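Shown next, in structure tokens, is the structure this report addresses.
Below, chains carry the letters A, B, ... as their sequence lines are ordered, and counting in each starts from 1. Here the structure is a predicted model, which means the values were calculated and not measured.
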There are 2 protein chains.
Amino acid sequence: MNDGEIKYKNYLHSKGQKFTPERQIILKEVLALAHHFDVDELYERLRRKGHRVSRATIYRTLPSLVENKIIKEAVRCQDNITKYEYIFGHDHHDHIVCIKCGKIYEFKNEQIEKLQEITCKGYKFKPVEHRLGIRGYCQKCRRG
Amino acid sequence: MNDGEIKYKNYLHSKGQKFTPERQIILKEVLALAHHFDVDELYERLRRKGHRVSRATIYRTLPSLVENKIIKEAVRCQDNITKYEYIFGHDHHDHIVCIKCGKIYEFKNEQIEKLQEITCKGYKFKPVEHRLGIRGYCQKCRRG
DNA sequence: TATCTAATTGTAATTCAGTCTCAATTGCAA
DNA sequence: TTGCAATTGAGACTGAATTACAATTAGATA
Ligand SMILES: [Mn+2]
Ligand SMILES: [Mn+2]
Ligand SMILES: [Zn+2]
Ligand SMILES: [Zn+2]
């Protein structure tokens with residue numbers, strides 16, 4: 001069992017929930033997926049590998065992985081599908097997304113992070129998470 | 001006709017579209033609403049005022065107001081409803097949202113804005129818009 | 001290890017925001 | 001006026017997500 005699996009198992013246990021084979025399969029695949037994904041992508045990948053996990057179970061499991069901070073909901077795209085992003089063991093980062101080709105740059109700017117904290121302090125607000133997404137055109141797409 | 005109405009009328013005209021009574025009613029109400037709203041809120045408000053505009057027409061009109069930069073899609077909340085926010089004539093700002101009571105602070109930090117620009121330059125990326133939302137607990141809700 | 005039970009699963013039905021179809025209406029240019 | 005493309009409202013439809021329910025099962029306990 002790797003760190004993610006241990007973390008999730010402990011989390012489930014602390015809530016009187018079970019580390020079922022289905023949850024293990026889903027978690028393992030999520031950890032293998034390095035990047036952004038949605039329910040259907042995950043379902044098809046599992047299917048191709050011969051795992052039979054129902055969509056309902058995936059829909060039930062992903063929110064619990066979010067609560068356990070193993071994944072998070074990612075920036076919504078134009079189509080109205082919930083996208084997820086693996087975060088456990090990854091550093092926080094923000095996104096720059098090309099409107100035209102969909103290319104995504106991930107970045108983190110410590111000064112921006114710091115300024116956000118200062119801003120929150122000013123409102124006596126306790127930040128838990130934040131999301132910064134910049135949309136526009138990548139180098140390729142801006143000419144053309 | 002105020003600035004918003006003129007802007008929208010010209011926009012529609014430039015696309016061979018009509019400044020219909022329904023669109024006028026919707027626009028007028030949107031301009032009157034100072035803040036965040038969704039389709040149903042708008043529909044009910046119009047209803048109460050005796051205006052009979054169908055939900056379908058509202059669903060059709062709001063995206064065109066977005067394209068005309070009179071409103072924009074606001075931060076999504078927990079429920080999966082598209083929220084809009086009036087922007088025409090308002091300065092850009094970002095959001096701090098209380099997870100518990102829903103309180104929203106609007107802020108703008110010029111340094112953060114500048115740092116975003118610099119970051120984009122580094123990727124030779126041309127930013128068009130961005131969204132920064134900080135979620136956490138407001139002063140009231142952090143104790144309690 | 002066998003027993004027991006609350007948690008979990010898959011299936012299929014359901015929800016519901018948002019989109020689309022279509023016949024009737026209307027704004028507006030000529 | 002007239003003509004016609006754009007628009008409207010009603011209601012059907014879509015599809016992601018949720019839920020009910022009966023069957024199954026993880027895993028705590030004895
Ligand atoms: Mn950040
Ligand atoms: Mn900003
Ligand atoms: Zn691009
Ligand atoms: Zn609060």
Side-chain angles (χ1 to χ4, degrees), chain A residues 1 5-6 8-29 36-47 50-68 71-84, chain B residues 1 5-6 8-29 36-47 50-68 71-84:
Chain A
M1 269 208 298
E5 288 170 331
I6 291 165
Y8 191 43
K9 183 175 184 179
N10 289 341
Y11 164 83
L12 289 172
H13 195 264
S14 76
K15 305 199 92 179
Q17 295 175 348
K18 297 169 183 172
F19 192 47
T20 63
E22 291 81 4
R23 285 173 180 162
Q24 292 177 46
I25 289 167
I26 291 169
L27 175 58
K28 187 163 290 220
E29 192 61 31
H36 301 190
F37 65 95
D38 60 39
V39 167
D40 258 39
E41 276 168 51
L42 186 54
Y43 177 77
E44 291 303 336
R45 282 179 79 103
L46 293 178
R47 211 111 216 298
H51 299 301
R52 293 299 170 97
V53 179
S54 72
R55 278 194 171 78
T57 297
I58 295 176
Y59 273 112
R60 287 174 184 125
T61 301
L62 294 185
S64 109
L65 289 174
V66 169
E67 204 179 303
N68 192 214
I71 58 177
K72 71 170 183 184
E73 283 195 25
V75 193
R76 299 239 168 171
C77 42
Q78 50 280 36
D79 49 17
N80 232 28
I81 293 168
T82 302
K83 300 273 184 178
Y84 292 94
Chain B
M1 269 208 299
E5 288 169 332
I6 291 166
Y8 190 43
K9 184 176 184 180
N10 289 340
Y11 165 82
L12 289 172
H13 196 263
S14 76
K15 306 198 92 179
Q17 295 175 349
K18 297 167 184 175
F19 193 45
T20 63
E22 290 80 4
R23 285 173 180 162
Q24 292 177 43
I25 289 167
I26 291 169
L27 175 58
K28 187 162 289 216
E29 192 62 31
H36 300 189
F37 66 94
D38 60 38
V39 167
D40 258 39
E41 276 168 49
L42 187 55
Y43 177 78
E44 291 302 338
R45 282 178 79 102
L46 293 179
R47 209 115 216 296
H51 299 301
R52 293 299 172 96
V53 179
S54 72
R55 280 194 169 78
T57 297
I58 295 176
Y59 272 112
R60 288 173 185 128
T61 302
L62 294 184
S64 108
L65 289 174
V66 168
E67 204 179 304
N68 192 215
I71 59 177
K72 71 171 184 185
E73 283 195 26
V75 193
R76 300 241 167 170
C77 43
Q78 50 280 36
D79 48 15
N80 233 25
I81 292 168
T82 302
K83 300 271 185 180
Y84 292 93

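The salt bridge (Lys or Arg N to Asp or Glu O under 4.0 Å) test with Glu67(B) singles out one residue from Arg60(B), Lys15(B), Lys72(B), and that residue is Lys15(B). Partner of Tyr8(A) under the side-chain contact (heavy atoms from CB on, under 4.5 Å) criterion, chosen from Met1(A), Arg23(A), His13(A): Arg23(A).
Considering only the side chain of Pro21(A), dA26(D) comes nearest among dA26(D), dT8(C), dG9(D). Of the listed nucleotides (dT18(D), dG18(C), dG9(D)), dT18(D) has the atom at the smallest distance from the side chain of Tyr59(A).
One interatomic measurement links the two molecules: OH of Tyr43(B) to P of dG18(C), which rounds to 15 Å at whole-angstrom precision. Nucleotide dA16(D) holds its C1' atom 11 Å from the CG atom of Asp38(A), rounded to whole Å. Protein atom NE2 of His13(B) is 5 Å distant from nucleotide atom P of dA29(C), rounded to whole Å. The distance between atom CD1 of Ile81(B) and atom P of dA16(D), rounded to the nearest whole Å, is 18 Å. Summarising the geometry, the separation between CZ on Arg55(B) and C1' on dA17(C) is reported as 10 Å, rounded to the nearest angstrom. Atoms NZ (Lys18(A)) and C1' (dC4(C)) sit 11 Å apart, rounded to a whole Å. Rounding to whole angstrom units, CD1 of residue Ile58(A) and C1' of dT11(C) are separated by 15 Å. Taking atom CD of residue Gln24(A) and atom C1' of nucleotide dT25(D), one finds them 13 Å apart after rounding to whole Å.
When each of Gly16(B) and Ala56(B) is assigned the nucleotide of DNA chain D with its nearest heavy atom, Gly16(B) is the one assigned upstream, toward the 5' end.
Donor-acceptor pairing under 3.5 Å, judged by distance alone, is present between the side chain of Arg60(A) and the base of dG10(C).
Looking only at side-chain heavy atoms (C-beta outward), Leu42(B) and Glu29(B) come within less than 4.5 Å of each other. Contact annotation: the side chain of Ile26(B) approaches that of Leu65(B) to within less than 4.5 Å [non-hydrogen atoms, C-beta and beyond].
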